[in-house]
S.K.: 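Below are the structure tokens for one structure; questions will follow.
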Protein chains: 2
Amino acid sequence: MRANHPNLKTAAVEKSSHREYFNIAVSVDCVIFGYEDKELRVLLIKSDLEEFSGLFSLLGDLVRPDEDLDAASYRVLKERTGLDDVFLQQVHTFGAVKRHPSGRVVSTAYYSLVNIHNHKLNIDCHDLHWHPVQTIKKLAFDHKQILDTCLNMLREQIMDHPVVHNLLPEKFSLRALQELYEAILGTSLDRRNFRKKIALKSWLSELDELEEDVTHRPGKLHKFKTKALKISAPKKN
Amino acid sequence: MRANHPNLKTAAVEKSSHREYFNIAVSVDCVIFGYEDKELRVLLIKSDLEEFSGLFSLLGDLVRPDEDLDAASYRVLKERTGLDDVFLQQVHTFGAVKRHPSGRVVSTAYYSLVNIHNHKLNIDCHDLHWHPVQTIKKLAFDHKQILDTCLNMLREQIMDHPVVHNLLPEKFSLRALQELYEAILGTSLDRRNFRKKIALKSWLSELDELEEDVTHRPGKLHKFKTKALKISAPKKN
DNA sequence: ATCCAATGTGTTCTATAGACACAAACCTAT
DNA sequence: ATAGGTTTGTGTCTATAGAACACATTGGAT
């Protein structure tokens with residue numbers, strides 16, 4: 001244990017004498033959620049590390065020296081999905097010494113919500129795919145834990161913030177919205193209570209259009225009034 | 001923009017070819033809250049950086065290569081206060097390129113709650129002091145923003161988790177508890193509603209002892225049943 | 001015309017939040 | 001001992017939100 005407590009200046013400025021502090025790499029990992037076939041999905045890539053062969057991992061990259069942390073997660077997202085007008089939120093930073101087998105990497109996790117169908121997918125490299133969240137048992141590194149943490153955050157936030165608009169088409173029925181909530185929460189919801197609760201939030205505008213191509217009575221279409229890209233105040237109501 | 005997306009292995013293992021990614025320093029900053037004279041306080045240190053002379057800053061340090069991120073914040077806390085059985089919680093990671101004038105530093109903020117009177121303060125270096133939170137207008141670097149973020153987190157969490165036991169003596173009156181909540185929240189609370197709400201949480205045991213040395217009718221003393229050091233599930237009820 | 005499947009709607013019950021008042025207890029000063 | 005001061009301890013009313021729950025209506029399909 002050092003007798004004195006060097007502050008940031010000491011170590012950050014006099015790099016030569018404290019070189020060892022830069023042996024920590026900084027990365028971001030993005031939990032990119034999508035929604036398809038009434039299932040919540042997450043964008044994964046086949047891990048190419050020897051130790052984790054066969055496993056998938058989240059999308060991440062090292063943060064560049066001239067790049068803000070948030071910008072790095074935006075970059076990863078844009079490189080992979082071509083989208084840049086999406087919801088993106090920092091969740092937690094994972095910094096265990098041994099979390100990465102190849103060296104010390106501190107990684108900040110973000111989650112985002114994108115419309116699987118909207119984006120001009122850069123899934124040319126077909127190691128990428130949208131995997132149903134429910135069926136994920138194991139991921140490379142500590143990525144399963146990161147996924148779980150982000151999923152919990154998502155589940156908390158959808159009740160207070162209209163973030164899920166990113167996962168739906170412009171116009172949607174209340175039933176489609178409820179199915180999305182059920183997919184995210186992993187539970188079933190009472191239809192009447194759900195509609196009441198959503199109505200109270202005043203997030204939606206009711207349109208004069210009806211569903212089409214349904215084999216039953218069509219419901220009215222709705223759309224979100226707001227398009228929040230970030231949760232400004234991470235508070236409860 | 002790179003054509004391919006190097007993954008962590010590429011950059012973290014082959015250090016020689018990606019040395020630049022290690023020019024980011026990783027640090028922790030601790031927002032250490034205390035409570036004295038019915039005021040919420042935070043432990044600050046006089047910044048010795050030229051540009052910020054006269055300003056105070058939070059307690060932080062670089063993360064060591066062989067040290068977990070959480071462990072680094074525990075270490076900072078222990079070095080400064082001598083305490084290691086305290087509540088400590090990660091809040092957010094700040095990673096703007098220009099947040100630190102001396103170089104690129106990504107810093108993860110933690111907040112903790114300690115009893116100002118309990119600890120054998122390592123405040124021998126008397127640049128340290130407990131500053132009332134209310135009167136803090138400006139801090140070095142982005143530390144004011146970090147403080148605000150942590151204070152918001154604290155305010156959210158005290159309603160759902162019995163974390164404030166760290167700020168009180170073993171035995172306390174309900175009035176003392178309410179004054180603490182009012183100091184943290186920056187508002188005044190209705191006494192009856194406060195007692196009712198606290199009773200509902202079942203966090204406290206009522207003792208058979210009374211306050212002493214008060215100039216009025218003494219209240220019953222209470223103590224916390226649990227001593228949570230970490231918030232296990234960062235969920236709402 | 002009938003069947004089918006989903007829409008659209010309201011009440012009851014329970015729990016929690018907020019506003020609000022008064023009697024009892026202990027201390028102090030006389 | 002008595003009276004005055006200050007705080008404790010307690011309960012009701014109202015409003016709001018969550019959870020459980022049923023039925024008539026609509027449009028499509030046959």
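Every chain is numbered from 1, with letters handed out A, B, ... down the list of sequences.
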S.K.: Evaluate whether atom CD of Gln134(A) has more than 12 neighbouring non-hydrogen atoms of other residues, nucleotides or ligands under 6.0 angstrom away.
M.R.: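 Not more than 12 within 6.0 Å, no.
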
S.K.: Would you check, one step at a time, whether the test side-chain contact (heavy atoms from CB on, under 4.5 Å) holds for Tyr181(B) with Leu189(B)?
M.R.: CA-CA 8 Å; Tyr181(B) 269 79; Leu189(B) 301 171; 3.9 Å; yes

S.K.: From the list dC26(C), dT9(C), dT8(D), which nucleotide is the closest neighbour of the side chain of Arg191(A)?
M.R.: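 Per side-chain heavy atoms of Arg191(A), the pick is dT9(C).
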
S.K.: Any sub-3.5 Å donor-acceptor pair from Arg99(A)'s side-chain atoms to Val105(A)'s backbone N or O?
M.R.: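 Checking the backbone N and O of Val105(A) against the side chain of Arg99(A), a donor-acceptor pair under 3.5 Å is found.
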
S.K.: Below 3.5 Å, does any donor atom in the side chain of Arg217(B) face an acceptor in the base of dT7(D), or the other way round?
M.R.: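 Check fails, no donor-acceptor contact within cut-off.
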
S.K.: Taking the six-membered ring for Trp and the single ring otherwise, decide whether the centroids of Phe87(A) and His165(A) are under 6.0 Å apart.
M.R.: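 No, too far apart.
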
S.K.: Does the base of dT12(D) carry an N or O that pairs as donor and acceptor with the side chain of Lys196(B) under 3.5 Å?
M.R.: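 When only heavy-atom distances are counted, Lys196(B) does reach the base of dT12(D) through a donor-acceptor pair under 3.5 Å.
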
S.K.: Counting only side-chain heavy atoms from C-beta out, which of dT16(C), dG9(D), dC20(C) sits nearest to Lys220(B)?
M.R.: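 So the nucleotide nearest the side chain must be dG9(D).
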
S.K.: How close or far is atom C1' of dC20(C) from atom CZ of Phe194(B), stated in whole angstroms?
M.R.: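 Between C1' of dC20(C) and CZ of Phe194(B): 18 Å.
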
S.K.: When only distance counts, do a donor and an acceptor, one from the side chain of Arg192(A) and one from the base of dA20(D), lie under 3.5 Å apart?
M.R.: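 Side chain to base: no pair present.
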
S.K.: Send over the distance from Met159(B) CE to dT16(C) P, rounded to a whole Å.
M.R.: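 Distance, rounded to whole Å: 13 Å.
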
S.K.: From the set dC21(D), dA29(D), dT7(C), return the single nucleotide nearest to any side-chain atom of Thr215(A).
M.R.: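 Selected nucleotide (nearest to the side chain): dA29(D).
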
S.K.: Assign Arg175(B) to base, sugar-phosphate, or nothing according to its heavy-atom contacts below 4.0 angstrom with the strands shown.
M.R.: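 Contact class for Arg175(B): sugar-phosphate only.
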
